[in-house]
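Note that this is a predicted model, so its numbers are computed, not measured.
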Amino acid sequence: MAKVVTSAGISNGQFCFVLRNSDNARDALGYAETVRQLTDRLAHCHPTNRQRVGADLDRARAGEGSTAFDWLVDTFKFRGLRLELQ
């Protein structure tokens with residue numbers, strides 16, 4: 001497996017996380033990993049969430065929708081944190 005490196009520091013006066021070899025991370029956290037995570041989530045989620053998680057799982061199996069990599073990037077955006085993909 002190819003190496004993925006993360007680091008953090010100050011860039012332009014703002015704290016910044018750097019994900020080097022992000023293409024490798026994108027591949028590792030693609031649809032296969034997303035299906036694996038959603039399958040586990042479906043097995044453990046609250047019954048009221050099963051329909052939504054099941055629909056997300058169906059989309060992931062079809063190669064559609066957000067991937068685990070997208071979730072990672074979205075988490076940084078939601079928190080207002082800068083993430084640089086290299």
Side-chain angles (χ1 to χ4, degrees):
M1 174 187 259
K3 186 175 178 182
V4 175
V5 179
T6 58
S7 63
I10 303 294
S11 174
N12 297 325
Q14 183 181 11
F15 195 75
C16 177
F17 292 89
V18 178
L19 180 60
R20 292 186 179 88
N21 303 318
S22 61
D23 287 342
N24 296 334
R26 186 182 307 274
D27 290 342
L29 299 174
Y31 285 111
E33 177 61 15
T34 304
V35 167
R36 188 191 71 75
Q37 288 192 29
L38 287 170
T39 299
D40 184 61
R41 188 179 297 178
L42 184 62
H44 297 97
C45 72
H46 191 275
T48 60
N49 289 332
R50 290 185 199 273
Q51 184 175 1
R52 182 183 56 81
V53 174
D56 290 345
L57 178 57
D58 290 342
R59 279 192 296 279
R61 285 181 174 146
E64 300 172 352
S66 298
T67 64
F69 183 83
D70 297 324
W71 301 340
L72 173 71
V73 172
D74 289 347
T75 298
F76 278 84
K77 287 180 187 175
F78 178 78
R79 299 286 181 196
L81 300 170
R82 185 166 171 227
L83 174 64
E84 183 177 321
L85 303 176
Q86 294 182 350

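The distance from the CG atom of Leu29 to the CZ atom of Arg36 is 10.0 Å, given to the nearest 0.5 Å. Interatomic distance, Arg26 CZ to Asp70 CG, rounded to the nearest 0.5 Å: 7.0 Å. Atom CZ of residue Phe76 and atom CG of residue Leu19 lie 8.0 Å apart, to the nearest 0.5 angstrom. Rounding to the nearest 0.5 Å gives a distance of 13.0 Å between CZ of Phe17 and CG of Leu85. In this structure, CG on Leu57 lies 11.0 Å from CG on Asp40, to the nearest 0.5 angstrom. Taking SG of Cys16 as the start and CG of Leu81 as the end, the distance is 10.0 Å to the nearest 0.5 Å.
A salt bridge links Arg52 to Asp56: at least one charged side-chain nitrogen sits closer than 4.0 Å to a carboxylate oxygen.
Residue Trp71 comes nearest to Ser66 through the heavy atom pair NE1-CB, 3.7 Å, listed as atom of the first residue, atom of the second, then distance.
For Gln86, the CD atom sits in a packed shell: over 12 heavy atoms of surrounding residues, nucleotides or ligands are nearer than 6.0 Å.
At least one donor-acceptor pair closer than 3.5 Å links the side chain of Arg50 to the backbone N or O of Leu42. Thr34 places a side-chain N or O within donor-acceptor distance of the main-chain N or O of Ala68, the cut-off being under 3.5 Å.
By the criterion of side-chain heavy atoms lying less than 4.5 angstrom apart, applied directly or through intervening Ile, Leu, Val, Met, Phe, Trp or Tyr residues, Val73 is not grouped with Phe78; the two fall into different hydrophobic clusters.
Two residues are said to be in side-chain contact when any heavy atoms from C-beta on lie closer than 4.5 Å; Arg61 and Thr39 meet this criterion.
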